[in-house]
Amino acid sequence: MADTLIFGVAAFLIIASAMMVVASRHPIHSALFLVLSFLGLAVIFFQLNAPFLAAVQVIVYAGAIMVLFLFVIMLLGEDKPLPGESRLGIQLPLGILFALLLAAQIGYMLIRQPAGRTVVARPPDVQLVHAAGEKAQYADFGSVKALGNELYTQYLFAFEATSIVLLVAMVGVVVLAKRRL
Amino acid sequence: MTLDQLSQNYNLAVLAPELSLTLFALAVLLFGAFFTDETQRRLLPVLALLGAGISAASTAALWDKGRVFGDPATAIYVADNFALFFKWIFLIGLVAAILISGRFLSPRSGDSHVVAGEYYGLMMLSTVGMMFVSGARDLLVLFLGIETLSIALYVLAGFSRRRFMSNEASLKYFLLGAFAAGFLLYGIAMVYFATGSTLFPHIATAIAQGQITMADGTARAVPQPILFIGMALLLIGLGFKAALVPFHQWTPDVYEGSPTPVTAFMAVGAKAAAFAAFLHVFPGVFGSLYGQWLNVVLVIAVLTMTVGNIIAISQSSLKRMLAYSSIAHAGYLLVGVLAASAAAHGGSPDLEAARDATGGVLFYLVAYALMNMGAFAVLVYLENVRDVQGADRDSEEANIRISELSGLAWRQPLVAGALTVFLLSLAGIPPTAGFFGKFIIFREAVRQGLIGLVLVGVLNTVISVYYYLRPVLSMYTPDEAAQNMGSGDMLVESTGGGAATLRSVARPLSLGIVLAIVLCAVAVIGMVILQAAVFPMARDAAGLSASVPVTQGAVPLLR
Amino acid sequence: MPTSYYLVISAMLFTIGVLGVLVRRNAIIIFMCVEMMLNAANLAFVAAARDLKLMSGQVFVFFVMTVAAAEVAVGLAIIVALFRNRATIDVDEVNLLKY
Amino acid sequence: MPLYLIVLFPLLGFIINGLLGARLKKPLPGIIATAAVLASFVVALLNVLRLASLPEDARRITETAYTWMSVGDFRVDVSFLLDQLSSVMILVITGIGFLIHLYSVGYMQDDHNDPEGRLYARYFGWLNLFIAFMSVLVLADNYLLMFVGWEGVGLCSYFLIGYWFKREDAAEASKKAFIMNRIGDFAFLLGMMLLFVSTGTLKYFGDSGAAGNATQGVLDVARSNAGAFSAVGLAGLGGITLITLLLFIGAAGKSAQIPLYTWLPDAMAGPTPVSALIHAATMVTAGVYMCARSAALFELAPETRLIIIVVGALTALFAGLTALAHNDIKKVLAYSTVSQLGFMFMGIGAGAYIAAIFHVFTHAFFKACLFLGAGSVIHALHGEQDMRKMGGLKAKMKATNITFMLSGLALAGAAPFAGFFSKDEIIAGVWNYSGEYNSIYKIIALVGLVTAFITALYTGRQYAQVFEGKARDEHLHDHAHESPSVMTVPLWLLAIGACFAGLLGLPHLPGVPNLHAFTDWLTPVFSVQADASHAAAGTGSHNPGATLMLLLVGAVIGWAGWFMGRSMGTRQGERAVLPASTHNLSLDAVYNATFARGGLALSAALRWIDDNIVDGIVNGIGGFFGQVSSALRLTQTSFVRNYALGMAVGAAVIIALFIINR
Amino acid sequence: MFEIPFVNHHILSSLIFCPLIGAILISLLPRRVSREGAFTVALINFVFSLHLMAHWSNAPISQGRFRFEELGQWLPQFGINYHLGVDGLSVFLVLLTTFLAPLVILASWNGVVERAKEFTILLLILEAAAIGAFMALDLILFYIFFELTLVPTYMLIAGWGGARRTQAAMKFFIYTMGGSLLMWVAMLYLYFRQSAATRSFDYAPMLETARGLDLGGSGVATFLFLAFAAAFAIKAPIFPLHTWLPDAYTEAPTAATVMLAAVLSKMGIYGFLRFANPLFPETARSLAPIFIALAVVGIVYGALVAVAQTDIKRLLAYSSISHVSLIILGVFVALLAGRNAELARTGATLQMVNHGLSTGALFLLAGWLWERRRTLQTNAFGGLAQSMPLYTVLFWVALFASIGLPGLNGFVGEYLILQGAMSAGFWYAFGGATGVVLGAIYMLRMFRSAMYGETTREENRTVRDVNARETFVMALILALIIWIGVAPQPFLGVIGGDGTQQNNIAQRNATQQNATRQTMPELAQSDLSTQ
C-alpha cells in the first residue's frame with residue numbers, strides 16, 4: 001500500500017513537473033521543474049531496487065547537471081521568456097498531435113503486452129540468456145556490490161570506453177566555450 | 001575472478017587500434033598545449049597520421065583472428081573482420097580529413113592560438129567512437145560509440161567559432177542528435193525489457209525462441225509489442241545517424257555549416273559508423289524479424305534515395321549538393337542492407353548471397369569514402385583558393401557555388417579532372433569505384449528479387465546524374481577570361497583577378513590536399529583492379545563473424 | 001507494483017520530452033526536454049532490470065548518466081558559443097542554413 | 001573488244017576531266033570527252049557487228065566483270081548484256097552522244113554564264129559520266145545494275161541541269177528533276193525488289209550453262225512460270241500487276257509521264273546540248289527501254305498496260321497541247337519530248353514494243369537535231385530563247401535552218417521522214433491491239449492521231465516562228481550568225497538520221513520495199529515471249545488494211561499540221577496558240593499547292609511537334625523533377641523544431657507501420 | 001604485316017589500350033605537340049586495326065564464331081570476364097572507329113586549337129571506349145564501355161560545344177544513361193537466372209540463359225528484351241526516343257558530332273544485333289512489327305522534320321534519325337524475312353558502316369563550313385559552289401552517298417535492307433523506301449539553298465575553299481565510300497561470311513521453334529497480303 005502511495009506521488013510528481021517543464025515560459029522555472037521531476041525519478045529508482053542509481057540521480061542529475069543548466073541560463077542572462085516563444089504556427093498543434101500519437105502508439109503497445117510474468121515450461125534446449133549469467137545474484141539484486149560486479153567484469157570495456165566520452169566532452173567544452181584560445 | 005583471469009580474458013591487444021589511436025590523440029592534445037603554433041602546424045598532422053597508420057597496421061594484424069575482448073560467450077566488444085574492415089574505412093576518412101585540414105587550421109586574424117591539437121584530437125577520438133560502434137556486440141557499446149563520435153562531431157561542427165553557420169550547424173546537429181539519441185536509448189530500453197539483454201546474440205536468441213529464461217528458472221515470453229516499439233525506435237535513432245529520410249533534415253544544414261574538412265569527415269566516418277550500427281542491429285540482431293521490418297525499411301530506402309537526389313537537383317552550393325548526395329547514397333546503401341537481410345533471412349536463407357550483399361555494402365562504403373573524400377578535398381582546395389585571394393572564410397557567403405566553377409577545367413585541368421572523376425564515381429558511371437559499388441549492391445538486390453527497389457535505384461541514379469554533371473559542365477564550359485590566361489597547370493601560379501570566379505591561384509595547395517586528391521582519384525579509378533582485392537576482403541568481413549550463436553531457423557550471419 | 005506501471009510513466013515522460021522538443025524555441029529548454037527523454041529511458045531500464053532481476057539494466061542507466069553528463073557539458077558549451085556570436089538561444093533565429 | 005570498254009572510256013574521260021580538267025585549257029577537256037565517247041561508239045559498233053555475226057537465236061553477248069553483291073541467295077553481278085535491244089540503245093547513246101559532245105565543244109566555247117570557263121571541264125566530265133551511266137543502264141544484265149545506270153543518269157541530269165547553278169531557275173530545276181525522278185525510282189525499286197522476292201533473281205536471263213545448273217532469269221520466269229509472281233500480290237492486286245505498275249511508275253518518272261513530267265520542261269534550264277542528249281535523245285527514253293526490256297512481264301499484265309496506254313496517250317495529248325502554249329524555244333521542244341514519250345508508252349501499252357523502241361530510235365535523231373538546232377539559234381542570239389523575239393533567221397543560219405526543218409518534219413510525222421514511220425507504227429499497233437479492253441485501245445489510237453496532228457502543228461509553228469517571216473528583234477537579228485562547223489556538222493549528221501532512219505523499219509505491208517532491218521533485228525527479243533498476235537502488232541502487219549489506212553491518215557495529218565502550224569507561226573508571231581494558263585496543264589501549280597506547300601507545312605508542323613511535344617515531354621519530365629526539387633527543398637526550413645517534428649512524424653509513421661505489420 | 005609480339009597476340013586489347021595509353025602520354029607531353037601526338041596514336045591504332053583485316057581469313061575462330069578472341073579473368077567473383085572478340089558484325093565497326101579517329105583529329109586541326117590537348121585526350125578515350133564496346137563479349141564489360149563513351153562525349157560537348165551545349169550535353173547524358181541502366185538491371189537479372197555454379201556475364205552463357213527464358217515463353221523475357229531495347233533504342237535512336245540527338249549533334253564540336261553520328265549511334269544498332277535480338281529471338285520477333293513501325297515512323301518523321309530545319313547540322317542530325325531508323329528497320333525485318341533474313345541483317349550491318357562514313361563526311365563538311373563562317377543557317381549562305389568549287393564536289397559525293405545513290409556505299413546497304421524488308425512484307429519495304437525520296441528532298445533543298453544560286457552575301461564570295469589537309473581527309477572517306485559502293489563484296493563477304501552466323505543460330509533456333517508450331521512453305525513467309 002505504501003508502495004502504491006509512494007509510486008503514485010512520485011509518478012504524479014514526475015509527470016506534472018515534466019509537463020510544467022514544457023509549459024513554463026521561464027527557463028528557470030523549467031529547469032526547476034525538471035529538478036523536481038528528476039527527484040521523483042530518484043524516488044522511483046529507490047522503489048525499483050536501485051538505491052545506487054537513485055543516489056546518483058539526485059547527486060549527478062538533479063544536482064550537478066541541473067545546476068549546470070541553471071548556471072548557463074543565468075550566465076547567458078536568458079532567464080526571461082523568449083519574445084515570441086509562443087509563435088509557433090502550425091507547429092504547436094502538429095507537435096501536440098504527433099506527441100500524443102506517439103504516446104498513444106507506445107501506450108497501445110505497452111497495453112498489448114502480456115500482463116505480468118507468464119511462466120512457461122522451460123524447454124530443455126533453451127539456454128540462459130542473462131547477460132551476466134550465473135554471476136547475477138538474485139539475493140542482493142540492486143546492491144552496489146552487484147552493480148559493481150557487473151560494471152567491472154561484464155561491462156569493463158564499456159566502463160573504459162566511457163573515459164573517451166568524457167575526454168571528448170572535456171576537450172570539446174574547452175574548444176567551444178573558452179573565450180580566447 | 002582473479003587479476004590473471006581478467007588479463008587473460010581482457011586481452012588489450014584486441015583493442016590495439018582503438019588504444020593506439022587514443023594514445024596518439026592524447027599525444028596530439030598534449031603537444032598542442034606545449035608547442036608553438038608553427039611547430040604544431042607541422043608536427044600535429046604528422047603525429048595524427050602516424051597514429052592512424054599504427055591503428056591501421058594493428059587493425060591489419062588482427063585481421064582474420066576473430067578475437068574478442070572478454071569471455072567469448074558474453075563479450076561486449078569484438079575485433080572480428082566486420083569490425084576491422086569498418087575500422088579501415090573510418091581510418092580512410094580520418095586520414096583524408098587530416099590531410100585536407102591543413103589550411104583550415106592555419107592562423108587567422110583574431111585568433112591568438114592555433115587549436116590544431118584539439119581539432120586533430122577530437123577527430124581521432126571521434127574515430128575511436130566509430131570503432132566502438134563497429135566492434136560493438138552489445139547495445140550499450142553501440143550507444144557509447146555513437147555518443148562518443150557524435151559528441152566529438154558536435155564540437156567539430158562548431159569549430160569555426162566565429163562563423164555563424166558553423167555555430168548553427170553545431171547547434172542543430174547537437175539538438176537533433178540528442179533528440180535522436182533519446183529515441184535510440186528508449187528503443188534500447190524497450191528491447192532490453194523485451195528480451196532481457198542488450199547483448200546481440202542474446203537478443204537474437206531470445207527473439208528467435210520467443211521466450212527468455214529468468215535467473216530463477218522460470219521463463220517468460222518475449223513481449224512482441226514492446227520489442228516492436230524498441231525496434232522502431234532503434235530504427236529512428238540509427239536512421240538519424242545514417243541520415244535516412246525522414247530523419248535526414250539535419251544533414252544539409254549541418255554539412256553546409258560545418259567546416260568543410262569536418263563535413264568530409266562526418267560524411268564518410270559518421271555515415272559508415274551509422275551503417276555499421278545498422279548492420280549490427282537490423283540484419284543482425286533483428287534478422288529473424290526480417291519480414292516485419294522489411295517493408296518499413298524498403299519504404300525508407302526508396303524515400304531516402306528519391307528525396308536526397310531530387311532535392312540535390314536544385315542546389316546551387318556545391319557543398320550542400322554533396323550533402324544531399326550523401327543522403328541519396330545512404331539510400332543506395334540501404335538497398336544493399338536489404339539485399340543482405342533478404343539473403344540471410346528471406347524465404348530460403350543463402351549464406352553466400354548474404355555474404356556477397358553485406359560485402360557489397362562494405363565495399364560501397366569504401367568506394368563512397370574514397371569518392372566523397374576526394375570531392376570534398378577538391379572543395380576544400382577551392383575554398384583555400386578563395387581564402388588565399390583574401391575572401392573572408394568566416395563570411396556567410398563562403399560556400400562555393402556550382403556556377404563559380406565555370407571554366408575551372410581550363411585553368412586547373414588536374415583539379416577539375418579529379419573532381420570530374422569523383423563526381424562521375426558518385427554518379428556511378430563506369431569504370432569508377434562508385435560504379436562497382438552500385439554494381440554489387442544492385443546486383444545483390446536483383447539476386448534477392450528486389451527488382452522494384454533496384455528500378456527505383458536506377459531511376460534515382462539517372463536523376464543524380466543531372467546534379468553530379470552540372471559542376472562538370474560548369475568546369476568544362478569555356479571561359480573567355482580563362483582562355484586568355486593560357487594554360488594553368490595545377491602548381492603553377494597564375495595571375496588574374498575577379499572575385500566572381502576562382503581565378504587566381506597563389507599556392508593554396510598544401511602537400512596534404514594534393515595527396516588526398518591524388519590518392520582518392522587513383523583509388524577511385526584504380527578500383528577497376530583494386531576491387532579484386534577489396535571486395536573479397538569486404539566479403540570476408542561480412543562472413544567471418546565471431547560470435548553470434550546459431551539459433552534455430554535463422555542464419556547466424558551478419559552478427 | 002507491476003512493471004508496466006513504471007513503463008507507462010516512462011512512456012509518458014518520454015512523450016512529454018518529445019513534445020517539449022517540438023513546441024519550444026528556447027534551445028536550453030529543448031535540451032532539457034531531451035534530458036527528460038533520456039530519463040524516461042533510464043526509468044524504463046531500471047524497471048526492466050527489476051522485472052528481469054538483472055543488474056545489467058541498472059548498469060546501463062549508470063552509463064547513460066555518464067554520457068548525459070558529457071552531453072550536457074558539450075551541449076551547453078555549444079549554446080554558449082552560439083549565444084556569444086548571435087546573442088540568442090532562440091532556435092528559430094538560427095536559420096542561416098536552409099533549403 | 002570487251003563490252004565494259006563502252007562504259008570505261010567515258011568513265012575515264014570523266015575521271016580525267018574531273019581530276020585534271022581544271023588545269024586543262026579550253027577546248028581540251030571537250031576534245032578528250034568527245035574522243036572518249038567516240039571510242040565508246042566504236043567499241044559499241046564493233047560489238048554490235050559481232051552480235052550480228054552470231055546466229056539469230058544466240059544473239060546475246062554476256063560479260064561478267066565482277067560480283068557486286070552476294071549475300072545468301074541474293075547475288076548481283078556487275079555484268080553486261082548485249083542483245084538486239086541493248087545494241088540499238090547503245091548505238092543511239094554513243095552515236096548521238098558523240099555528236100552532241102562534238103557539238104558541245106563549239107557550243108560551250110564561250111559560255112556567257114561562265115566567262116572564266118571554270119566549269120567547262122566539269123561540263124564534259126558530267127557529260128561523259130552520263131554516257132557511262134547510260135551505257136550501264138542499257139548494257140546491264142540485271143535490274144539492279146540497270147538501276148545503277150538509271151539513278152546515275154538521273155544524277156548526271158541533276159548536275160547538268162544545275163550546271164549554271166548561279167541561276168535560280170537552274171538550281172530549282174535540277175533539284176526538282178532529281179526529286180521527281182526519285183519518286184519514280186522509289187516505285188522502280190519496290191517493283192524490282194518484288195521481282196526478286198518472287199523469282200529469286202534479278203538477272204534478265206538465266207545461264208543455260210552446263211546441264212543441271214541452268215538458272216532462270218526474271219524474264220525466263222515470266223515466260224515459263226507466270227505463277228511465281230502471284231506470291232507477292234497485294235490487296236487484290238495481282239503480283240505481276242503490282243510489279244509492272246511499280247516499274248511503270250519508275251519509267252514514268254524517268255520518262256516524264258503524267259503525273260511525273262513537270263520536271264522535264266524545267267530541266268531546259270540546263271545547257272541546250274544537255275537537253276538534246278539527256279532530256280530528248282537518251283535518258284528520258286530509259287523508261288521506255290526498261291519497259292521494253294521487261295516486255296515479258298508486261299505481257300502478263302494487261303491491266304497495267306491499259307494504264308500505261310491511257311497515261312501515255314494523255315501525256316502525249318496534253319503535252320502536245322501545252323507545247324502550243326509556249327513561246328520558249330526549248331520549252332516547246334521539251335513538251336514535244338514529253339508528248340513523244342507518251343507515244344512511246346502508247347506503244348508499250350499496246351504491246352508494240354518494237355514500234356516503241358523504233359520511235360525511241362528515230363526520236364533520238366530528230367529531237368536531238370531539233371534541240372541542237374535550237375541551241376544553235378540560242379547560241380547565235382546570245383542566249384535568247386523567246387521565239388517571239390526571233391524570226392527571219394532562215395537567211396542568216398542556213399545549215400541550222402535546213403536541219404531544223406528536216407528534223408521538224410520528222411517530228412511532225414511528215415512522210416517520209418523518220419518520225420512518220422515510227423509514230424504511225426505505234427498508232428497502228430494500238431489500233432490493231434486485240435487483247436482485253438481493245439475498244440479502249442481503239443479510242444487511244446484516235447487520240448494518237450489527234451496528238452500527231454497537234455505535234456505537226458506546234459512543230460510547224462515553231463519552225464515558222466523562228467526561221468521564217470521577218471525578224472522581230474532587229475538588234476538580236478543583226479548579231480545573229482551561223483554556228484561554227486563543229487556545231488553544224490553534228491546537225492547535218494543528225495538531220496540525215498532524221499530523214500532516213502525511218503527507212504530501217506518500214507511497215508510490213510504488201511508493196512512496201514523490203515526495208516525492215518530494224519524490226520527484223522528486234523523481233524527475236526520480243527517474239528519469244530509474245531504470242532503471235534502481239535508479235536504481229538509489234539511489226540505492224542497484223543491488219544494490213546487498217547495499217548495502210550492509218551499510214552495514209554498519218555501522212556496527211558503530218559503535212560497538214562506542219563503547214564497549218566507554219567502559217568500560224570508566221571501569222572501570229574507574238575502570240576501563242578493557246579493561252580499561257582495551260583502551261584504544264586497547271587499540274588505544277590497543283591503540285592506546288594499540295595505536295596510542296598503541304599509537305600512544307602507538314603514538315604514545319606512536325607518540327608514544331610518535335611520541338612514542343614516529343615521533346616517537350618522529355619524536357620517536361622526533367623522540368624517536373626526540377627519543380628519537385630524546388631518544392632521539396634522548401635521542407636528544409638532551417639528551423640530545428642520543424643526538423644524535430646519531421647522526425648516525430650516519421651517516428652509515428654514507422655511505429656504505426658510496425659503496429660500494422662506485426 | 002609487321003611483328004610486335006604482344007600486339008599480334010593481343011590485337012584486340014591493343015586496339016583498346018593503344019589510344020588509352022596514348023591519351024596518358026599526351027597528357028604528359030607539352031601542349032604544342034598534343035595534336036600531332038594524338039594523330040600519331042590514332043594512326044597507329046588504325047594500323048593495328050588493319051591487322052584484323054590482314055589476318056582475317058586465317059584468324060583462329062572460336063566456338064562462338066568469333067575471331068581474335070581474348071578471354072581473361074577480370075572480376076571472377078562477379079562473373080565478369082575480360083572477353084573480347086570480333087566477328088563480321090563488329091569488325092567493320094571497329095575499323096570504322098579506328099579509321100575515323102585519326103581523320104577527325106586531322107579535321108579538327110584548325111578548328112580546335114585552344115585546349116587541343118584536352119580535346120585530343122578525350123577523343124582518344126572516346127575511341128578506346130567505342131572500340132571496347134564493339135569488341136566486348138562480356139555483357140558487363142560491354143556495359144562498362146557503353147557507358148564510358150558517354151563521359152568523353154559529354155565533356156567534348158560541354159567544353160567545345162555550341163551555344164546551347166549545356167542543355168544538349170545534359171540531355172544526351174541523362175537520356176542515354178537512363179536507357180542503359182535498365183539494360184544493366186536486365187543483365188543482372190539474367191545473370192541470376194543461371195545456375196549458381198556457373199554464373200557468368202559472358203556472352204555464351206547469357207545467350208543460353210536468355211534463350212532459355214525466351215523460348216520457354218517466359219513473360220519476363222518481354223520485359224528483359226524491352227530493357228535491353230531501351231538502352232539501344234535511345235542510343236541509336238529510335239523514334240520517339242530521339243530528341244536528345246538533334247541537340248547533341250548540333251551543339252557538339254565537329255569531331256564529337258562525327259564520332260557521335262558515325263560511331264556511337266551504331267552502338268545502339270550493334271546492341272540490337274549482338275545482344276537484344278539474339279538473346280531474345282522469340283520476343284524480338286513478336287515485337288518486331290512494333291519496332292518496324294517505329295522505324296518507319298522514324299524514317300518519315302526524321303526526314304520530314306529535317307526538311308523544316310534551317311541549320312545544316314540540325315538538318316543532318318534529323319537525317320541521321322531517318323537513316324538510322326532504316327538500319328533499325330533492317331535489323332528487325334531480318335527477324336521476319338524468312339529466307340532473306342540474311343540480306344537485311346547483312347545490309348543493316350554494312351549500312352552501319354556506310355552511314356558512319358557518309359554522315360561523318362557530311363558533318364565534317366558542315367563543321368568546316370562552320371569554321372569559316374561561324375554559322376550554319378542555310379539562309380546565311382547561297383552560291384557557295386562558286387567560291388568553293390572543290391568543297392562543292394566533296395559535298396556532292398558525301399551527300400549522294402547519304403541519299404543512297406547507286407555506285408556509292410549508301411545504296412548497297414539500303415538496297416539489301418529494303419530487299420530483306422520486301423521479303424518480310426511489302427509495306428515494310430514501302431515504308432523504308434520512302435526515305436529514298438524524302439532523303440533527296442531535304443538534302444537537295446539544303447544543298448540548293450546553301451551552295452547553289454546567286455551569291456547574295458559578300459562574305460560568301462571570299463570564303464576559303466577546302467585546303468589540302470581537309471581535302472585529304474575527305475578524299476580518304478570518299479574513296480572508301482566509292483569503294484564500298486562499287487565493290488562491296490569484300491565487305492559483304494566478311495560480314496556474311498561468319499559474322500552473321502552467330503545470329504543465324506538465333507534465327508535457326510527460332511525458326512525451328514516456329515517450324516514445330518506451324519509448318520509453312522518458305523514463300524508464304526514473304527506473304528504480302530496481310531501486312
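In what follows, chains carry the letters A, B, and so on, assigned in the order in which the sequence lines appear, proteins first and then strands, with residues in each chain numbered from 1. All figures in this text were calculated on a predicted structure; none of them were measured in a lab.
- Interface residue L246(D): only side-chain heavy atoms are found under 4.5 Å from chain E.
- Only the side chain of L416(E) comes within contact range of chain D, with heavy atoms under 4.5 Å apart.
- Remark: side-chain polar atoms of T346(E) are not paired, donor with acceptor, to backbone N or O of V71(D) under 3.5 angstrom.
- Residue Q309(E) touches chain D through both its backbone and its side chain, counting heavy-atom pairs closer than 4.5 Å.
- Listed for the W68(D) side chain is a donor-acceptor partner under 3.5 Å among the backbone atoms of G485(E).
- At least one side-chain heavy atom of Y66(D) sits less than 4.5 Å from a side-chain heavy atom of V486(E).
- Here the rule is side-chain contact (heavy atoms from CB on, under 4.5 Å) with M422(E), and of L189(D), L190(D), L195(D) only L190(D) fits it.
- In this structure, the portions of F147(D) lying under 4.5 Å from any heavy atom of chain E include both its backbone and its side chain.
- Between the side chain of R607(D) and the main chain of V305(E), no donor-acceptor pair closer than 3.5 Å is present.
- Rounded to the nearest 0.5 Å, atoms CZ (F491(E)) and CE (M69(D)) are 13.0 Å apart.
- For chain E, the option among F74(D), W608(D), W150(D) with the highest count of heavy-atom pairs below 4.5 Å is F74(D).
- Scored by the salt bridge (Lys or Arg N to Asp or Glu O under 4.0 Å) test, R164(E) finds D247(E), E251(E) as partners (sequence neighbours excluded).
- In this structure, the portion of D611(D) lying under 4.5 Å from any heavy atom of chain E is its side chain and not its backbone.
- Smallest separation of non-hydrogen atoms from R182(D) and V437(E): O-CG2, 3.6 Å.
- In terms of heavy-atom pairs under 4.5 angstrom with chain D, the leader among P389(E), G439(E), G383(E) is P389(E).
- Residues of residues 152-159 of chain D that come closer than 4.5 Å to chain E, counting heavy atoms only, are L155(D), Y158(D), F159(D), ordered by residue number.
- Of the atoms belonging to Y442(E), not a single heavy atom falls under 4.5 Å from chain D.
- Looking only at side-chain heavy atoms (C-beta outward), Y415(E) and L144(D) come within less than 4.5 Å of each other.
- Counting only heavy atoms from C-beta outward, the side chains of R122(D) and V393(E) approach each other to under 4.5 Å.
- I183(D) touches chain E through backbone and side chain together, each having a heavy atom under 4.5 Å away.
- Side-chain contact between Y301(E) and V614(D): present, with at least one pair of heavy atoms (C-beta onward) separated by less than 4.5 Å.
- Counting only N and O atoms by type, the side chains of H242(E) and D610(D) include a donor and acceptor under 3.5 Å apart.
- Neither the backbone nor the side chain of T456(E) comes within less than 4.5 Å of any heavy atom of chain D.
- The pair E168(D)-R448(E) meets the salt-bridge criterion, since a charged nitrogen lies less than 4.0 angstrom from a carboxylate oxygen.
- When heavy atoms are compared at a cutoff of 4.5 Å, T434(E) approaches chain D by way of both its backbone and its side chain.
- Only the side chain of N619(D) comes within less than 4.5 Å of a heavy atom in chain E; its backbone stays farther off.
- Neither the backbone nor the side chain of M170(E) comes within contact range of chain D, judged by heavy atoms closer than 4.5 Å.
- Interface remark: V618(D) contributes side-chain atoms only to the contact with chain E (heavy atom separation under 4.5 Å).
- The part of F447(E) that comes within reach of chain D is its side chain, from C-beta onward, which places non-hydrogen atoms under 4.5 angstrom from that chain.
- No side-chain donor-acceptor contact under 3.5 Å links Q419(E) to the backbone of F196(D).
- Within the 4.5 Å cutoff, the side chain of S174(D) has heavy atoms near those of the Y452(E) side chain.
- In terms of heavy-atom proximity, A171(D) sits nearest to G453(E) at CB-N, 4.3 Å.
- Here the closest heavy-atom approach between residue S70(D) and residue Q489(E) is recorded as N-OE1, 2.5 Å.
- Only the side chain of W396(E) comes within contact range of chain D, judged by heavy atoms closer than 4.5 Å.
- Side-chain atoms of L405(E) and F178(D), non-hydrogen and from C-beta on, do get closer than 4.5 Å to each other.
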